[in-house]
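We name chains A, B, ... by the order of the sequence lines, and we start the count at 1 in each one.
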Number of protein chains: 2
Amino acid sequence: MALLSKSCVYGIRAAILMAIKGERDYLSIKDIAEELNLSAHFLTKILQQLTQEGLLLSHRGPKGGVKFSRPAREIKLIEIVAAIDGLELFEACALGLHGCGTATPCPLHEKWAKHTVLLRTLFETEDLEKLASNVGDAGLRLRTLSQLDILEFNKNKKK
Amino acid sequence: MALLSKSCVYGIRAAILMAIKGERDYLSIKDIAEELNLSAHFLTKILQQLTQEGLLLSHRGPKGGVKFSRPAREIKLIEIVAAIDGLELFEACALGLHGCGTATPCPLHEKWAKHTVLLRTLFETEDLEKLASNVGDAGLRLRTLSQLDILEFNKNKKK
DNA sequence: AGTATTGAGGACTCTTTTATCCTAAACTAA
DNA sequence: TTAGTTTAGGATAAAAGAGTCCTCAATACT
């Protein structure tokens, strides 16, 4: 199992790319999808969720697209996760037990509760501006690798 | 998204119950499933994975069932997770980026890498005997709640 | 006004996960 | 040896997640 759903990961990557591209103009979802090597249709669906949650503003027609409703500096990673995957990851019992809590804890409750605080803090601390600048500093790719890219990557790895 | 798949959670619950019940005799999967309020067929499939990984010994026929291949004290939570969900959770990039690593990190890489160490340590530290004794101490339920139980639970909550 | 562009949103398909059911094989006990 | 019990394992079904496609509404530009 991955920590986050694919939709959520795509949403995060798109948001980071948007933060890199600048916050002034509307960016077309099609362009974002192309840069990330994702299906534009699928990404549209995902970003719609962010728009509905009020994280993004959208605009139709030529010169349309999406942009942040607030400065990227103020948008925390957890907001994107909450909008797409929900907060279950940070709030639910690790063993999926209904009603697990301080009063009736599951055998893992205490340790896991401490851990979710850390996890949550991580996601509450990281904002899109910071993540975007990381990408610049490290010269990094957000792009989803195609099968061809993966072959290429593994070839270079061997050398 | 949950941290662990349902199969994995069921496997863990079953293992904890087995540790509570004692390690001497084979326990029938049907009995375990009944106590946990799970489908016996489904649980059988899951425990088969643990058997194939060598964590459990199984025995067919009357007086048959499953039991640990080693003392519960020596079986760590991470072994069950590894057998069912795999180690992706502890090893993969949080943004699902292929090839993310020290050399070419994703914007979250460093923070997330530190975090997975903690997460992994938690799962490597907890063993089934310890978890089982927690259940005894706290008077806890591992049982999956039925819809009826959930109604009951919420009713008591309101009071 | 007309046309091209872009997000919104519904319908649909494919895959994976979750769950059920059936038969076979191994085993116990009478 | 026969009957009953229990895991192994394949076939299948249901549900959720991932992804595609089509139409509509809003918009900009001519």
Side-chain angles (χ1 to χ4, degrees), chain A residues 1-14 18 25-34 36-69 81 83-86 88-89 96 144 146-147, chain B residues 1-14 18 25-34 36-69 81 83-86 88-89 96 144 146-147:
Chain A
M1 291 274 294
L3 188 76
L4 304 170
S5 71
K6 286 200 170 192
S7 293
C8 190
V9 159
Y10 295 164
I12 293 171
R13 288 195 218 165
M18 286 171 66
D25 297 328
Y26 284 101
L27 296 170
S28 98
I29 298 177
K30 185 163 154 279
D31 290 350
I32 299 171
E34 267 170 24
L36 295 177
N37 197 26
L38 296 177
S39 146
H41 284 293
F42 192 34
L43 186 60
T44 300
K45 284 259 157 71
I46 296 164
L47 296 188
Q48 270 172 28
Q49 297 182 65
L50 300 184
T51 304
Q52 282 158 6
E53 289 293 319
L55 269 71
L56 301 182
L57 298 174
S58 72
H59 197 72
R60 299 187 191 183
K63 307 246 171 169
V66 288
K67 67 175 181 181
F68 296 121
S69 61
V81 175
I84 299 174
D85 277 354
E88 184 194 349
L89 181 63
T144 301
S146 65
Q147 287 305 316
Chain B
M1 291 271 297
L3 189 76
L4 305 169
S5 72
K6 284 199 170 190
S7 294
C8 190
V9 159
Y10 295 164
I12 293 171
R13 288 194 217 165
M18 286 171 64
D25 298 327
Y26 284 102
L27 295 170
S28 97
I29 297 176
K30 186 163 154 280
D31 291 348
I32 299 171
E34 266 169 26
L36 296 178
N37 197 28
L38 297 176
S39 144
H41 284 291
F42 192 37
L43 187 60
T44 299
K45 285 257 153 75
I46 296 164
L47 296 188
Q48 270 172 28
Q49 296 182 65
L50 300 184
T51 304
Q52 282 159 5
E53 289 294 319
L55 270 70
L56 300 183
L57 298 174
S58 71
H59 197 72
R60 300 186 191 184
K63 308 243 169 173
V66 289
K67 66 176 181 180
F68 295 121
S69 61
V81 175
I84 299 174
D85 277 353
E88 184 195 349
L89 181 62
T144 300
S146 65
Q147 286 306 316

Let me know, please, whether B:His41 or A:Ser58 comes out on the 5' side of the other along DNA chain C by nearest nucleotide. A:Ser58

Return the value, rounded to whole Å, for the distance between atom CD of B:Gln48 and atom P of C:dA19. 16 Å

Note: for A:Gly64 and B:Lys30 on DNA chain D, the residue whose nearest nucleotide lies more 5' is B:Lys30

Given C:dA29, D:dA28, D:dA8, the nucleotide with the shortest approach to the side chain of B:Thr51: D:dA8

A:Phe42 CZ to D:dG17 P: how many Å, rounded? 11 Å

Evaluate whether atom NZ of A:Lys6 has more than 12 neighbouring non-hydrogen atoms of other residues, nucleotides or ligands under 6.0 angstrom away. no

Nearest-neighbour nucleotide for the A:His59 side chain, D:dA8, C:dA8, D:dA28 considered: D:dA28

Less than 4.0 angstrom between a side-chain N/O of B:Ser39 and OP1 or OP2 of C:dT20, yes or no? yes

What is the distance, rounded to the nearest whole Å, between atom OH of B:Tyr10 and atom P of C:dT18? 8 Å

Is there a side-chain contact between A:Leu50 and A:Val66 (heavy atoms, below 4.5 Å)? no

With a non-hydrogen cut-off below 4.0 angstrom, is B:Gln49 in contact with a base, only sugar-phosphate, or nothing? nothing

Nearest-Å distance for atom pair NZ/C1', residues A:Lys6 and D:dA16: 15 Å

Among the nucleotides D:dT7, C:dT5, C:dG7, which one has an atom lying closest to any side-chain atom of A:Arg60? C:dG7

Take the protein atom CG of B:Asn37 and the nucleotide atom P of C:dA19, then report the distance between them rounded to whole Å. 12 Å

Kindly say whether, by distance alone, the side chain of B:Lys45 makes a donor-acceptor pair under 3.5 Å with the base of C:dT17? no

pair B:Leu4-B:Ile12: side-chain heavy atoms closer than 4.5 Å: yes

State whether the number of non-hydrogen atoms from other residues, nucleotides or ligands found under 6.0 Å of B:Lys30 atom NZ is greater than 12. no

Take the protein atom CE of B:Met18 and the nucleotide atom C1' of D:dT7, then report the distance between them rounded to whole Å. 13 Å

Round to the nearest Å and state the distance from B:Leu43 atom CG to C:dT18 atom C1'. 13 Å

Using the side-chain heavy atoms of B:Ile29, tell me which of these nucleotides is nearest: D:dT20, D:dT7, C:dT18. D:dT7

From D:dA8, D:dT27, C:dA8, pick the nucleotide closest to the side chain of A:Thr44? C:dA8

What is the separation between atom CE on B:Met1 and atom P on C:dT16, rounded to the nearest whole Å? 15 Å

Is there a side-chain contact between A:Leu57 and A:Tyr26 in this structure, where contact means two heavy atoms from C-beta onward sitting under 4.5 Å apart? yes

So, does B:Ser7 get its side chain near the phosphate of C:dT18, meaning an N or O under 4.0 Å from OP1 or OP2? yes

Phosphate oxygens OP1/OP2 of D:dG9: is one of them under 4.0 Å from a side-chain N or O of B:Gln52? yes

